[in-house]
Amino acid sequence: MATVDEQAVILLKRFSSLQSQRQTWESHWQEIADFVVPRKADVTKKRSPGDKRTELVFDSTAIHAAELLSASLHGMLTNMSTKWFSLRYLDPDLEGNDEAKEYLLSVEETMYTAFARSNFAEQIHELYHDLITFGTGVIFVEDDDEFDVRFSTRHIAECYISEDETGRVDTVFRKFQMPARAVVNEFGIDNLSQKIQKTDTENPYELVTLIHAVFPRQDRDITKLTSENKAFASIYLDPEAKTALREKGFDSFPYMAPRFLKASFEIGYGRSPAMTALPDIKMINKMSEVTIRAAQKQVDPPLLVPDDGFILPIRTVPGGLNFYRSGTRDRLEPLNIGANNPLGLQMEEQRRKAIQSAFFVDQLILSQGPQMTATEVVQRTEEKMRLLGPVLGRLQAELLQPLINRVFGILTERKVFRPAPEFMRDTTIDIEYVSPLAKAQRQGDIQSAMRLLELMQPMVQLDPSILDNIDADGFVKHLVKVLSVPATAVRGQDEIARIRQTRAAEQQQQMEMQQAMQAAQAAGEGAPFIRAVSDQQ
């Protein structure tokens, strides 16, 4: 049976501190959820599963805009149908080695296979949705016996985070619930309190509250490879019994907690486009509610009824009969409320455009006219994507880089990659982002390079020596790097050197053969002249 332990008490005090720091955010998140993502409106309100959650929503502009932006980020950053990252060596010598580059390409393919087999696509989309609504997303990455790696996006209401001295999230406490029978299967009945054991016996489907704490270990023996001495501690707690149910560890931080935007003076949580647009979102919902009421009054207006001319009740249904006293001239008349629906609709449209701008809808959807050429469409699309550059920078640092490193570490530990060549041991590998959004940021480099060639063409006709200023090999390397051409489509420096050496030898051989033929031809033409001179002598 579990007993109260000192470590659990200390961790619960830390959790209480994180709870206090997060309280000011919770009401904000609840308001965002009510209007933008009702399916997750369980922050300060606790609703029953299946309960209706759209009672406050009269206009769905913000809901659709958030869904569009989250889907666009997924497509532009981590689209599984195209490459969105590649690996490269920091050592330039290895970058020119065919064997080294092909091995790195096999590592990339193995990682992409692991991403595709797992639940990455669905969970990363959920993370993007949390980012643009709550401003902070939390995803958990762990190893899996069936698919090698498994992802799980956690609701922000469950997570309590803290930063290190560099501003990166390195601590996550997660408060969640599990059925009692699942808790018994996960941790063993001997490690549980009497209350949980009793709950499992009487009602195994009743939910039990647990806390999962992941944080850097300050005191550990780095010479030991046990899970209790890894860089990050992973401890499950029973907060009611104040006991630790299980302690393990991770070599790398298993949580990624990116922030969409973050104020420099705020610690922990980020801000989102939904927070920026919240005044407009609340305004258009109230305006839509009023407009609907005004339209109802115009379609089914209130009636002016004389106090003694008609016999009640008044029937307003189709075909209804209303009786009035004989001899009276009173009539039922509608009350003119003087509503101006066009003005209300115009004001609503202004709010909708403001909301869509906050969610970058005007940047994501290209307004294409019939007069635009294909080149103009491509250029305008790239310009719009470059406007999301600041978002890309933060997501690369807080999400993509730690995510790729975490997956690489898990696959390495599970020995999924084929052994590396001996000369590649202890080499440093860097990550390069090649998603459509990342490529758009570098598109200006290609345009500048091609513009240089266009401007040089008329000058070369005047003086061909101008081409001496261009390093053709360096120019091609630059284009290959910017365009992220795969290693299998480009020859390495060693192979290029061999091809050029072979070509030079063949040219030298042809030159020698031509010289020999010319010498033989000259000798053949001079032979009659030599015989004629000999005869005269």
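Below, all heavy atoms of this structure are taken into account, side chains as well, without hydrogens, waters or symmetry copies.
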Atom pair [atom1] ([X]) and [atom2] ([Y]), whose distance is rounded to the nearest 0.5 Å:
X      : Y      : atom1 : atom2 : answer
Ile196 : Glu206 : CD1   : CD    : 10.5 Å
Arg174 : Tyr160 : CZ    : OH    : 12.0 Å
Ile429 : Tyr89  : CD1   : OH    : 5.5 Å
Phe35  : Ile63  : CZ    : CD1   : 10.5 Å
Thr136 : Ile156 : OG1   : CD1   : 5.0 Å
Ile124 : Glu126 : CD1   : CD    : 11.0 Å

Backbone N or O of [Y] within a donor-acceptor pair of the [X] side chain at under 3.5 Å?
X      : Y      : answer
Arg406 : Val141 : yes
Arg22  : Ala157 : yes
Glu108 : Leu87  : yes
Asp130 : Thr133 : no
Arg259 : Gly268 : yes
Ser357 : Lys353 : yes
Ser118 : Phe147 : no
Asn119 : Phe151 : yes
Asn185 : Arg181 : yes

Exercise: identify the closest heavy-atom pair between [X] and [Y]:
X      : Y      : answer
Ile189 : Gln197 : O-NE2, 2.9 Å
Val36  : Ala274 : CG2-CB, 4.3 Å
Ala244 : Gln7   : CB-OE1, 4.3 Å
Asp200 : Pro204 : O-CB, 3.5 Å
Val43  : Gln30  : N-OE1, 2.9 Å
Asp238 : Thr209 : OD1-O, 4.4 Å

Below 30° counts as parallel, above 60° as perpendicular, anything between as tilted: where do the rings of [X] and [Y] land?
X      : Y      : answer
Trp84  : Tyr112 : perpendicular
Phe253 : Phe232 : tilted
Phe85  : Phe115 : perpendicular

Checking Arg246 now: which residues fulfil salt bridge (charged side-chain N to carboxylate O under 4.0 Å, His left out) with it, not counting sequence neighbours?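 Per chain and number, Arg246 pairs via salt bridge (charged side-chain N to carboxylate O under 4.0 Å, His left out) with Glu186.
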
Can you sort out the partners of Glu266 under salt bridge (charged side-chain N to carboxylate O under 4.0 Å, His left out), two or more places apart, ordered by chain and number?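 Salt bridge (charged side-chain N to carboxylate O under 4.0 Å, His left out) list for Glu266, sorted by chain: Arg271.
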
Taking salt bridge (Lys or Arg N to Asp or Glu O under 4.0 Å) as the criterion, tell me which of Arg47, Lys40, Arg53, Arg39 meets it with Asp34.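 The single option meeting the salt bridge (Lys or Arg N to Asp or Glu O under 4.0 Å) with Asp34 is Arg47.
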
Are more than 12 heavy atoms, taken from residues, nucleotides or ligands other than [X], located less than 6.0 Å from that residue's [atom1] atom?
X      : atom1 : answer
Leu207 : CG    : yes
Lys52  : NZ    : no
Glu122 : CD    : yes

Pairing of [X] and [Y] as salt bridge, 4.0 angstrom limit:
X      : Y      : result
Glu247 : Arg217 : yes
Lys230 : Asp251 : yes
Lys262 : Glu398 : no

When you compare the side chain of [Y] with that of [X], does any pair of heavy atoms fall below 4.5 Å?
X      : Y      : value
Pro216 : Thr171 : yes
Ser193 : Thr243 : no
Asp143 : Glu413 : no
Leu399 : Leu127 : yes
Ser252 : Asn405 : no
Phe408 : Val107 : yes
Leu245 : Leu192 : yes

Candidate list Phe173, Phe250, Tyr236, Phe187, test ring-ring contact (aromatic ring centres under 6.0 Å, His included), partner His212, passing option: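 Only one option passes, and that is Tyr236.
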
Check the pair Met178 / Val208 against side-chain contact (heavy atoms from CB on, under 4.5 Å), numbers first and verdict last. CA-CA 5 Å; Met178 291 177 62; Val208 175; 5.7 Å; no

Under the criterion side-chain contact (heavy atoms from CB on, under 4.5 Å), I'd like the reasoning laid out for Phe260 against Tyr128: C-alpha separation, chi angles, the key distance, then a yes or no. CA-CA 9 Å; Phe260 192 90; Tyr128 290 136; over 6 Å; no

Please test Phe120 against Thr78 for side-chain contact (heavy atoms from CB on, under 4.5 Å), starting from the C-alpha separation and ending with a verdict. CA-CA 10 Å; Phe120 174 73; Thr78 51; 4.1 Å; yes

Under the side-chain contact (heavy atoms from CB on, under 4.5 Å) rule, what do Leu395 and Tyr433 come out as? Steps first, then yes or no, please. CA-CA 11 Å; Leu395 291 182; Tyr433 304 101; over 6 Å; no

Walk me through it: do Phe417 and Tyr103 pass the test ring-ring contact (aromatic ring centres under 6.0 Å, His included)? CA-CA 10 Å; Phe417 302 124; Tyr103 171 77; 7.8 Å; no

Given the ring of Phe215, does Arg14 sit roughly above its face, with NZ or CZ under 6.0 Å from the centre of the six-membered ring and within 45° of the axis?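 Flagged: Arg14 positioned over aromatic ring of Phe215.
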
